[in-house]
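Here is the structure we will look at.
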Amino acid sequence: MRTETVVHGTERPAPSGRTARARRLTRTGRRMGAVSLVMALSCVSAACSVIPVGGRSAVVDDVRKGNPLGDPYARVIAVPPEAGWTPEQVVAGFRAAMASVDDRDRGIARRYLTDDFARKWDPQSGVTVYKQGEVQPPPEQGDGTARVVLKGTLTAIIDQDGRYRPTGGPLNEPFSLVKGPSGWRINAAPDGLLLSEADVERAYLKANLYFLDSAWKGLVVDQVRVPIDPTANFAKTIVQRLLKGPSSLLKGAVNTAFKPGTQLLGVDTQDDRVVINLSKPVDSDLIGPMSAQIAGTLAELTRGGWDFEVRVKGEPYYSDSLLPIDAQEHIDFDTWMTPGDVHPYFLADGALRTLGRDNVGQPVPGQAGENDGARTRPAISDQWQVAALSAGEREIAVTQMTPGGQWRPWIAGTSLTPPSWDRYHTLWTVDRLDDHTSKVLRHDGRKQYDVSAPDLETVRVEALRIARDGVHVAAVVRSGTEEEVKIGTVTGQGAATKITNLHPVVNVEPNQTVKDIAWKDGTTLYVLTGKSELLEASVVAEPKQLPSNPQIQSITALNGSLLAGAKDDDGNWQLLSWNRNSAQWEAVVKNENGSTSFTKDGPSYPAYPLG
């Protein structure tokens with residue numbers, strides 16, 4: 001008789017009572033008590049509250065002695081199967097072995113497989129991440145075959161290049177087993193690794209890799225997950241990943257200063273510096289960009305407290321001097337990484353204003369600062385240019401915010417989305433020809449171009465925003481009665497510009513809409529729904545809901561600042577700012593009397609530069 005067991009994945013808790021910070025303080029080799037690794041890792045008795053697995057697998061906190069870059073990590077020590085284990089115990093042991101970073105080639109995990117399947121199984125083909133529930137006891141086995149099903153909820157996929165893609169839906173993965181002289185072994189299972197969320201937190205580093213934009217002048221962040229290498233410090237692991245190039249999301253969209261084939265020979269510390277030893281130098285004109293890539297990539301790991309130095313084959317970078325890199329090099333290289341005092345703009349009384357001293361609005365110079373009710377949804381470049389959408393959505397005009405600045409029509413269409421600037425002073429919009437046809441347009445100040453965007457051409461695009469890095473792009477897409485928010489990348493230049501790699505990050509309920517979207521930075525997008533829900537989304541995490549206000553109609557953001565244009569029930573307007581300290585939305589703009597009351601034709605549609 002063939003038997004089948006349904007296994008509901010069991011969460012493997014972190015060591016009892018320990019936060020990440022506490023784990024960093026744990027000394028080398030200290031063993032944590034038994035924890036559940038989808039089974040009782042050190043429990044060998046059927047009296048345990050979970051299904052026992054033989055052996056003493058353990059989660060151990062470790063510290064890399066002598067290297068301040070080697071933070072502690074939770075280590076899962078894999079154990080081989082035993083002859084008396086049940087099919088469920090074998091599957092549980094296999095899953096635990098897959099999570100062991102010390103067994104990099106998954107040699108222990110392969111011992112849970114038949115010889116034939118061990119040769120076919122490819123643990124390098126990607127990672128399926130899931131949430132877990134509970135484990136059910138197995139029934140009696142019959143004719144030497146069994147089927148164990150892992151049930152749970154999908155969370156994400158980690159590609160071979162470390163790209164983390166949130167997903168959803170049920171997990172329903174079967175494991176077929178046969179019984180041989182050495183006991184039960186798996187002869188069919190999903191390819192790649194199956195890891196719980198807790199497994200991924202222990203076995204992978206979250207890394208922000210810094211690459212260069214198409215102009216070689218700005219930085220673009222690539223968020224990836226990097227497998228922990230227990231033989232290397234964390235800095236070495238991350239720099240090695242940086243040298244491999246961007247993930248599939250950014251391939252073709254970014255550059256790197258490192259020459260092809262450059263190898264990392266080592267990472268060490270000396271004289272309060274992190275020393276990176278490379279096999280090749282970079283071209284002389286790319287030393288600055290390379291320095292920015294290294295400083296940005298290692299900034300979070302070193303907490304900004306260490307400077308860097310690059311050597312080549314163990315020798316000083318220059319024949320007569322060193323190549324030191326300041327810990328803030330990436331910030332100096334690209335000011336949009338941490339912009340300074342940047343004032344927001346908004347509309348009031350039909351004119352564009354900037355938020356000046358004491359939060360009083362001041363009209364900008366030129367025609368943009370004059371009362372003109374014919375234009376709305378302003379977008380601000382980083383060169384004193386403003387673009388605005390006509391009231392009928394058929395034209396976008398541009399003017400300089402300088403004395404004498406005149407509106408000039410740049411783009412005309414049937415139904416245009418609000419404008420968006422990129423860091424290259426190019427204006428973007430989408431023309432909706434009908435409910436099922438959209439055309440992405442860009443204007444560089446001299447000429448208008450059609451942009452190839454296959455995923456956007458057969459739907460209605462409600463909004464398009466280019467991130468401040470000039471590479472990430474977000475779009476609100478309507479298909480039938482459903483809307484969703486997608487994030488992708490911009491590749492190419494001029495007439496060869498394309499929008500590719502679009503993936504949904506927010507799905508809105510049927511018959512609901514998205515009011516607005518705004519980039520916080522190059523990796524995080526705010527989404528305002530028609531129900532006035534405010535979400536924070538990215539390509540590497542599930543969207544999370546933020547406190548909102550039902551009066552909010554539009555949003556803009558710049559790193560730590562989040563502003564909203566709000567309208568009360570009487571149609572009066574005011575700007576609201578999210579105060580993180582008080583966790584409240586607060587009125588911002590004052591009139592000449594110091595009041596922040598909502599008023600007719602009051603402050604609306606706030607905009608940060610390149611927002």
Side-chain angles (χ1 to χ4, degrees), residues 159 161 163 209-224 244-260 283 285-286 289 292-293 333-334 336 379 381-383 385 387 396 398 410-411 413 416-417 419-431 433 437-459 461 463-477 485-505 517 519 521-523 525 539 610:
D159 295 338
D161 58 8
R163 179 182 172 192
L209 308 179
Y210 281 64
F211 294 97
L212 301 161
D213 64 8
S214 60
W216 300 82
K217 296 180 179 179
L219 294 170
V220 183
V221 177
D222 193 7
Q223 296 181 304
V224 298
K244 291 181 180 179
S247 70
S248 57
L249 179 66
L250 293 181
K251 282 182 179 176
V254 295
N255 298 305
T256 184
F258 301 100
K259 293 179 180 177
D283 293 337
D285 60 335
L286 294 179
Q293 284 188 256
F333 182 82
D334 187 345
W336 284 110
S381 80
D382 60 350
Q383 285 198 329
Q385 286 178 298
I396 293 176
V398 175
W410 271 29
I411 299 176
L416 300 173
T417 62
S420 176
W421 291 96
D422 66 24
R423 67 187 302 161
Y424 316 115
H425 325 305
T426 298
L427 185 67
W428 293 71
T429 185
V430 179
D431 191 13
L433 304 180
T437 309
S438 297
K439 181 167 61 175
V440 180
L441 306 173
R442 59 188 291 271
H443 197 295
D444 64 3
R446 300 182 304 272
K447 183 179 179 181
Q448 177 177 308
Y449 298 91
D450 291 354
V451 177
S452 173
D455 291 340
L456 301 179
E457 293 169 359
T458 58
V459 294
V461 178
L464 184 83
R465 292 284 187 275
I466 308 297
R468 291 183 178 89
D469 59 20
V471 171
H472 288 95
V473 59
V476 180
V477 174
V485 180
K486 294 185 175 183
I487 292 178
T489 53
V490 177
T491 63
Q493 295 178 320
T497 303
K498 297 180 180 180
I499 293 178
T500 61
N501 295 325
L502 282 163
H503 293 277
V505 293
I517 54 176
W519 285 101
D521 49 36
T523 62
L525 182 76
V539 295
L610 304 186

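Computed from a predicted structure; not experimentally measured. Index from 1, following the sequence.
- Note that CG of Leu416 is 4.5 Å distant from OG1 of Thr429, once rounded to the nearest 0.5 Å.
- Using a 4.5 Å cut-off on side-chain heavy atoms (C-beta onward), Phe211 and Asp469 make no contact.
- When the salt bridge (Lys or Arg N to Asp or Glu O under 4.0 Å) test is applied to Asp283, the partners found at least two apart in sequence or on another chain are Lys259.
- Side-chain contact between Val440 and Ile499 is present, with heavy atoms from C-beta onward closer than 4.5 Å.
- At least one side-chain heavy atom of Leu610 sits less than 4.5 Å from a side-chain heavy atom of Trp336.
- For Tyr210, the ring pair (Phe, Tyr, Trp, His ring centres under 6.0 Å) partners are His330, not counting sequence neighbours.
- Using modelled atom types, one side-chain atom of Asp334 and one backbone atom of Leu219 make a donor-acceptor pair closer than 3.5 Å.
- Distance check, rounded to the nearest 0.5 Å: CZ of Phe333 to CG of Leu212 gives 5.5 Å.
- Considering only heavy atoms from C-beta on, Val451 comes within 4.5 Å of Trp428 through its side chain.
- Proximity of a side-chain donor or acceptor of Gln293 to a complementary backbone N or O of Ala257 within less than 3.5 Å is detected.
- In this structure the side chain of His472 reaches within 4.5 angstrom of the side chain of Leu250, judged on heavy atoms.
- Residues satisfying the salt bridge (Lys or Arg N to Asp or Glu O under 4.0 Å) criterion with Asp455, sequence neighbours excluded, are absent altogether.
- Judged by distance alone, with hydrogens and angles left aside, the side-chain atoms of Ser438 form a donor-acceptor pair with the main-chain N or O of Val461 at under 3.5 Å.
- Listed for the Asp521 side chain is a donor-acceptor partner under 3.5 Å among the backbone atoms of Thr523.
- Nearest heavy-atom pair across Ile396 and Ala387 is CG2-CB, 4.1 Å.
- Remark: Lys486 pairs with Glu484 by the salt bridge (Lys or Arg N to Asp or Glu O under 4.0 Å) rule, at least two apart or across chains.
- Contact annotation: the side chain of Arg442 never approaches that of Ile411 to less than 4.5 Å [non-hydrogen atoms, C-beta and beyond].
- Residues Pro419 and Ala379 approach most closely at O-CB, 3.4 Å, considering heavy atoms.
- Between Ala475 and Leu464, the closest heavy-atom pair is CB-CD1, 3.9 Å.
- Closest heavy-atom contact between Trp216 and Leu286: CE3-CD2, 3.7 Å.
- Between Asp450 and Leu441 the shortest side-chain heavy-atom distance falls below 4.5 Å.
- Residues satisfying the salt bridge (Lys or Arg N to Asp or Glu O under 4.0 Å) test with Asp213, not counting sequence neighbours, are Arg423.
- In this view, Trp421 and Trp410 satisfy the ring pair (Phe, Tyr, Trp, His ring centres under 6.0 Å) rule, not counting sequence neighbours.
- When atom types are taken as modelled, the side chain of Asp222 and the backbone of Ser247 share a donor-acceptor pair closer than 3.5 angstrom.
- A donor-acceptor contact shorter than 3.5 Å is absent between the side chain of His443 and the backbone of Leu427.
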*Which is it for His503 and Val539 under the side chain to side chain contact (heavy atoms under 4.5 Å, CB included) test, yes or no, and what are the steps along the way?*
CA-CA 8 Å; His503 293 277; Val539 295; 5.9 Å; no
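- Considering only heavy atoms from C-beta on, Gln493 stays 4.5 Å or farther from Tyr424 through its side chain.
- Note that the CD1 atom of Ile517 and the CZ atom of Arg465 stand 6.0 Å from one another [nearest 0.5 Å].
- Listed for the Asp159 side chain is no donor-acceptor partner under 3.5 Å among the backbone atoms of Asp161.
- The backbone N or O of Asn501 sits nowhere less than 3.5 Å from a side-chain atom of Thr489 that would complete a donor-acceptor pair.
- Residue Gly470 comes nearest to Val490 through the heavy atom pair O-CB, 4.0 Å, listed as atom of the first residue, atom of the second, then distance.
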